[in-house]
Amino acid sequence: MGWFSKHLRPQTSSDEPPAWTPAVERSRTFGLLNEAPEDEFEKAEAFCAEHPLDAPRLLASSDVDRIRAEGCKAWGLVAPSLSRFRGTIRDVQSDAKGAPKVVEVATEPGCGDACIFSNYPIMAGLYDVQGKEGIYYEVTVLKMDGVIAIGTSCLPYPEYRFPGWNRLSAGLHLDDMQKFFEDPRGGRPYDGRLRTLAAGDVFGCGYSFATKSLFYTHNGKRLADAFRGLYLPRTRHDVYAAIGVGGPGANRFIVNFGGDNEAHLFRWLPAREWGWQVDGHVGRMAGSSGEGPGEELPSYSQVA
């Protein structure tokens, strides 16, 4: 059983789940475009009440070895287990060695609402951030005849809910350009520069360690901070990339966690530097005094 499967499986602890409350910004009562059924809201509330958040974990030695060998290319996406998800997720190969550089997602018409998570955390609570500015990934939209939502989440999280709708999850929904954090209703207006979406548009999602804020970019330009003070204290959370997909029409997009060839360079220029790459963050334990990307990755031999 892999890292993600172990991390996602339901918990059996009798401890009460951590308390959580919706963000304090004013929210729309109803979404502008896409809305989920009320029974799924109630089901998700029950899921969060029944399943405590996973504690942050060290990566298994096999995962550490993979990250050491592949860097950012080790990050990918895990297909939802839901039968309502209709689509494909595939690694796009860009060199003779076959190491994936980016991930392509294509959904079919009629795909039900589903959330796709990264295989590894993009922000890991047990690893230090010395020398790092933040973490970042990008999504290039090739086609959107349904809904795509880009964001982050802690696990476990209900797979049938878009990012931003439930516990410790943030999202930007590209159908109406509304931002969400723990907001099961209509979201909040984000940045006025986001008006329309065209094929080829690139959206980035980042988290700044200095300002403790989550932000987005559009076609290489950083937008306003979407939310501040998320995932604190940082050492208590493993945070995953989370991408929502849904109908009624088909969607197709590319997810980039740091592909390094000319075809898949980040559009937001600062993210091309080591200070924003996900593998550098995972490479250092809290209390480490090393500098730069060359430090050994800590691990343990077996996930509990």
Side-chain angles (χ1 to χ4, degrees), residues 2-4 63 66-80 85-108 111 114-124 134-153 163 171-172 174 197-207 215-222 239-245 250-283 293:
W3 159 261
F4 187 87
D63 296 307
R66 182 184 178 191
I67 293 172
R68 184 182 291 117
E70 299 182 15
C72 296
K73 294 177 288 185
W75 270 258
L77 298 175
V78 178
F85 174 74
R86 301 177 183 175
T88 59
I89 300 175
R90 70 181 186 94
D91 293 334
V92 177
Q93 314 291 327
S94 60
D95 60 15
K97 296 181 180 179
K101 296 291 183 70
V102 294
V103 184
E104 181 182 71
V105 180
T107 64
E108 302 171 2
C111 175
C115 197
I116 305 169
F117 302 104
S118 57
N119 58 338
Y120 298 127
I122 58 174
M123 188 162 63
I135 51 89
Y136 182 81
Y137 74 96
E138 285 186 344
V139 173
T140 301
V141 179
L142 305 177
K143 178 180 183 179
M144 193 181 85
D145 291 336
V147 182
I148 301 171
I150 303 168
T152 56
S153 181
L172 175 64
L174 302 187
L197 183 148
D201 276 2
V202 179
F203 293 85
C205 178
Y207 184 92
F215 64 92
Y216 291 92
T217 66
H218 180 228
N219 291 336
K221 296 181 179 179
R222 180 166 173 167
V239 182
Y240 292 75
I243 302 173
V245 293
N251 302 302
R252 182 168 167 257
F253 54 91
I254 296 289
V255 181
N256 183 7
F257 290 104
D260 58 1
N261 69 334
E262 292 184 3
H264 300 126
L265 286 171
F266 281 135
R267 286 288 299 274
W268 187 52
L269 294 180
R272 299 181 185 181
E273 302 297 328
W274 179 83
W276 287 96
Q277 293 175 4
V278 290
D279 68 324
H281 161 47
V282 175

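Residue numbers start at 1 and run along the sequence shown.
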Closest heavy-atom contact between Gly76 and Phe257?
O-CE1, 3.8 Å
Taking the six-membered ring for Trp, are Tyr136 and Phe215 parallel (under 30°), tilted (30 to 60°) or perpendicular (over 60°)?
parallel
Nearest 0.5 Å, what's the CG-CD distance between Asp91 and Glu104?
10.5 Å
Partner residues of Thr140 under the side chain to side chain donor-acceptor pair (under 3.5 Å) criterion, sequence neighbours left out
none
Quick one: closest heavy-atom pair of Asn251 and Val147, and the distance?
ND2-O, 3.4 Å
Quick check: closest heavy atoms across Gln277 and Cys72, and the distance to 0.1 Å?
CB-SG, 3.7 Å
Looking at Val141, is its backbone amide N or carbonyl O close enough to the side chain of Asp201 to form a donor-acceptor pair, meaning the two atoms are under 3.5 Å apart?
no
Looking at Trp75 and Pro121, would you say the former's side chain and the latter's main chain have a donor-acceptor pair under 3.5 Å?
yes
Point-to-point distance, once rounded to the nearest 0.5 Å, from CZ of Arg66 to NZ of Lys73
11.0 Å
Side chains of Pro80 and Ile116: does their closest heavy-atom pair fall under 4.5 Å?
yes
Rounded distance (nearest 0.5 Å) linking atom CH2 of Trp268 with atom CD of Glu138:
9.5 Å
Quick one: closest heavy-atom pair of Arg222 and Thr217, and the distance?
CA-CG2, 3.8 Å
Under 3.5 Å side-chain donor-acceptor pair for Ser118 and Tyr137:
no
Side chain to side chain contact (heavy atoms under 4.5 Å, CB included) between Tyr207 and Ile122: does it pass, once the steps are laid out?
CA-CA 10 Å; Tyr207 184 92; Ile122 58 174; over 6 Å; no
Taking Tyr216 for its side chain and Leu172 for its backbone only, find out whether a donor-acceptor pair lies under 3.5 Å.
yes
Which atom names give the shortest non-hydrogen contact between Leu77 and Val103, and what distance separates them?
CD1-CG1, 4.0 Å
Interatomic distance, CG@Asp279 vs CH2@Trp274, rounded to 0.5 Å, equals 8.5 Å
Donor-acceptor under 3.5 Å (Arg272 side chain, Phe266 main chain):
yes
Would you name the heavy atoms of Cys115 and Ala242 that are closest together and state the gap between them?
SG-CB, 3.9 Å
Steps toward side chain to side chain contact (heavy atoms under 4.5 Å, CB included) verdict (Tyr120, Ile67):
CA-CA 10 Å; Tyr120 298 127; Ile67 293 172; 4.3 Å; yes
What's the separation between atom CD1 in Ile150 and atom CZ in Phe253, rounded to the nearest 0.5 Å?
8.0 Å
Quick one: CD1 on Ile148 to CD1 on Ile243, what's the gap to the nearest 0.5 Å?
8.5 Å
